[in-house]
Structure formats: C-alpha cells, structure tokens
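Below you'll find the structure, written out as structure tokens, and then a few comments.
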Amino acid sequence: HNYFSKKFTPAVIEFVDIAGLVKGASRGEGLGNKFLANIRGCDAIVHVVRCFDDANVTHVEGSTDPLRDIDIINTELIMADLEMIDRRIDKAQKNAKGGDKRFNHEVEVFTALRDYMNEGNLARTFECSDDDAAMIATSDLLTLRKTIYAANLSENDVNQPEACKYFTQVQELAAKEGSEVLPICAKLEADIAELDEYEERQMFLEEIGLKESGVARLIKAAYKLLDLQTFFTTGADESRAWTFRRGMKAPQTAGIIHTDFERGFIRAEVIAFDDLMACGTMAAAKEKGLVRSEGKEYVMQDGDIVLFRFNV
C-alpha cells in the first residue's frame, strides 16, 4: 500500500539455486565440495524432491523414489559433517592436553554426536541440553540447517497432494526430523513465471484452483522456518520493510536500521499494519489512540509500523 510514500522498498529473502547433488559429493564427485561450500553460506535448505512419474523426464537414479533421493543427499551432508566433527574432536583433544578441562566436555559431546550420526542420523535431531546444543551450533554443520522439502508433484496431484503416495512418504519423513513440506508443481510454476502481469497470474492461479503461487508459499514457509518477521518504517520519501527475528525487542530491531538507533534508543512509536490500513491515515489512527509509545522491553510484532525515537 504505497499511498504514504514516493518509494516502497520490500523485504528481501534470497534463494540460491545450487546445482543438483550426486552420490559421492562429499568425496568430490560431481560439483562435490563446491556444492557443500554453497550450502554453508545459507541459513536453511530447500530440497526439491521429485514426487511424480513421467517417462519423458529422466531421473538420474532411473526411477521415482523420493525417500531414496532424500537419503542420498542426507548421506552426503552427514559424511561432510562427520569430517568436520573429527577435526573438532582432534582440536578439542589437543586443547584438553594443554590442561584446559573445559575441552574434555567438548570431546564427549562431539564424540556422542559422531556416534549418533554414524548411524545415518542428522545433527538437527540429536537430543542434548541447551548448553550442548549451543556448543554444537558453533560448528556450522550442514545437517543442523533447517530444511523444507519442496515436493515436486504432477499438475494433477498438486491440488490434492495427500492422494499422492510419494508426497505422504515425504510428509512422514519430514515429521520425524522436524522439517517442513511444501507441495509444488515446478511445471505450473514455470508457466506462471512466463506471465508478466500480476492480474494474469492471479487469473491463471484461479483457473487451476490455487490461491497463490508455489513461489509465494515457499517464501512464506522459509520466513516461518527461519523465525523471521517484518516491521515497517514509513515517511513521505520511503516506506520500507525490514526483516527481524521473532522475539527481538524494540532496541535490537532499531539496530537493524542503524547501530546509532539502538545505542541511543529512547522509545518506539508503534501502530499495527492492519490498524493503519483500517484508519487510512496516520492522523486518523492517532486520533483513535492506536499509535502506542513503547519502551526498551517491547517485543516487536509482525507487521508493526514503527517510528524510532533516539538520541546520540
């Protein structure tokens, strides 16, 4: 809604398309380590899994089997992680020999994790105390990354994914490891992407019985998975969306805009997006008492529109 400002800057979430992973990548097959390095730079993984049969579309493994495909990728990620864990244990053992007892516990935790992952398990399903989990999190393991399985369905199945046996297999697996599943149809998405106009896209979606495109749903799912929310700043020149982690307090979110805002934070003047839309103008919202003054302990909410007061 761009009637307050000359310019509107939306929030950005970046998706990196990484070429497919093949068996043996952790040993350098295919793109190998380059592929794994690309994942290291990401906050979460979207794994597109084939859940349709089509003799005209070849599959690198020769048949449709989403559980096998997921297992191939996860095995490669686990093998890469195990190498990192071995290096971490070696380093901790050396430090412990130097007389620093703290490192004995680190050796114990990472050894237990190694045993667990050697059985084919992912680091993110390893059960341990919060303190130990925080220590493991410093190791940048690939299988700690939160994951969305994008189940690539046929045009016929995308509207009733539960009727597709491949989809329900992926659902069950995801539930076990605490991952998300998103039904999409890559063929339809390609068709949607070719339409330039927003109206044309909406008409096309309605025709095929979908509320929004798979890409839109993927963006929302990724936001939720990473615990991200949006707040807005607005003025005559620009309205802008900013991304923050759920649970952040007002001064921390002010710091996203500029460190000075956090350092000299006095208060935040806040109105909910829906309240402002209902009132139409900021002046009308103020008259109704919907603009609140919030202090340092205020936990920012998704959709807040904020004016930060600060003094440096």
Side-chain angles (χ1 to χ4, degrees), residues 18 20-51 60-61 63-93 103-152 165-182 221-222 224-227:
I18 301 171
L21 185 57
V22 294
K23 256 185 203 157
S26 58
R27 298 189 303 279
E29 296 288 325
L31 285 174
N33 297 330
K34 186 170 175 239
F35 170 94
L36 300 168
N38 280 335
I39 297 184
R40 282 201 205 290
C42 298
D43 297 308
I45 297 170
V46 179
H47 181 173
V48 182
V49 191
R50 175 163 169 171
C51 292
V60 66
E61 292 293 325
S63 62
T64 304
D65 183 347
L67 296 186
R68 173 206 59 212
D69 294 349
I70 289 171
D71 189 53
I72 287 173
I73 300 264
N74 283 346
T75 300
E76 293 303 327
L77 300 180
I78 287 167
M79 284 162 76
D81 279 354
L82 284 167
E83 268 181 45
M84 283 191 81
I85 291 172
D86 281 337
R87 290 205 292 272
R88 181 78 180 242
I89 291 170
D90 285 348
K91 199 172 156 192
Q93 280 170 334
F103 288 100
N104 289 331
H105 181 62
E106 192 168 320
V107 172
E108 277 169 31
V109 172
F110 278 99
T111 304
L113 179 62
R114 180 175 64 188
D115 294 345
Y116 177 76
M117 289 180 70
N118 263 324
E119 290 169 10
N121 297 308
L122 308 168
R124 64 177 176 272
T125 60
F126 182 65
E127 286 183 18
C128 60
S129 72
D130 289 349
D131 286 349
D132 289 352
M135 180 162 69
I136 291 169
T138 62
S139 62
D140 199 30
L141 299 175
L142 299 169
T143 63
L144 283 176
R145 300 283 190 285
K146 291 180 171 184
T147 298
I148 297 172
Y149 292 111
N152 188 10
K165 67 172 185 201
Y166 299 131
F167 180 78
T168 51
Q169 286 171 353
V170 176
Q171 250 186 335
E172 280 166 27
L173 176 92
K176 273 189 208 136
E177 57 173 62
S179 296
E180 300 278 325
V181 187
L182 190 76
K224 185 170 158 245
L225 190 75
L226 292 169
D227 243 4

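Quick note: numbers below take in every heavy atom, side chains included, and nothing from hydrogens, waters or symmetry partners.
For Asp115, the CG atom is densely surrounded, since the number of other residues' heavy atoms within 6.0 Å is greater than 12.
A donor-acceptor pair is defined here as one N or O able to donate and one able to accept, closer than 3.5 Å; no such pair exists between the side chain of Asn152 and the backbone of Val48. Looking at Arg114, its side chain never comes within 3.5 Å of a backbone N or O of Asp86 through a donor-acceptor pair. Remark: side-chain polar atoms of Tyr166 are not paired, donor with acceptor, to backbone N or O of Ala151 under 3.5 angstrom.
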Would you sort out whether Glu106 and Lys91 count as a side chain to side chain contact (heavy atoms under 4.5 Å, CB included), showing the intermediate values?
CA-CA 10 Å; Glu106 192 168 320; Lys91 199 172 156 192; over 6 Å; no

What's the verdict on side chain to side chain contact (heavy atoms under 4.5 Å, CB included) for Ile45 and Leu77, showing C-alpha distance, side-chain angles and the deciding distance?
CA-CA 11 Å; Ile45 297 170; Leu77 300 180; 4.2 Å; yes

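Taking both residues in full, the closest heavy atoms of Arg145 and Arg124 are given as O-NH1, 3.0 Å, listed atom of the first, atom of the second, then distance. Here the closest heavy-atom approach between residue Ile136 and residue Phe110 is recorded as CA-CZ, 3.9 Å. Across all their heavy atoms, Thr147 and Ser179 have their closest contact at O-CB, 3.3 Å. In terms of heavy atoms, Asn121 sits closest to Ile78 at O-CD1, 3.4 Å. Heavy atoms only, all atoms of each residue included: Ala44 and Leu226 are closest at CB-CD2, 3.8 Å. Nearest heavy-atom pair, Ile39 versus Leu142, reported as atom, atom and distance to 0.1 Å: CG2-CD2, 3.7 Å.
In this structure, the side chains of Leu122 and Met117 stay at 4.5 Å or more apart for every pair of heavy atoms.
The distance from the CD atom of Gln169 to the CG atom of Leu173 is 9.5 Å, given to the nearest 0.5 Å.
A donor-acceptor pair shorter than 3.5 Å cannot be found between the side chains of Asn74 and His47. Remark: the Arg87 side chain and the Ser139 side chain contain no N/O donor-acceptor pair separated by less than 3.5 Å.
Checking Glu177, Gln171, Glu180 one by one against Tyr149, the side-chain hydrogen bond (donor to acceptor under 3.5 Å, both in side chains) holds for a single residue, Glu177.
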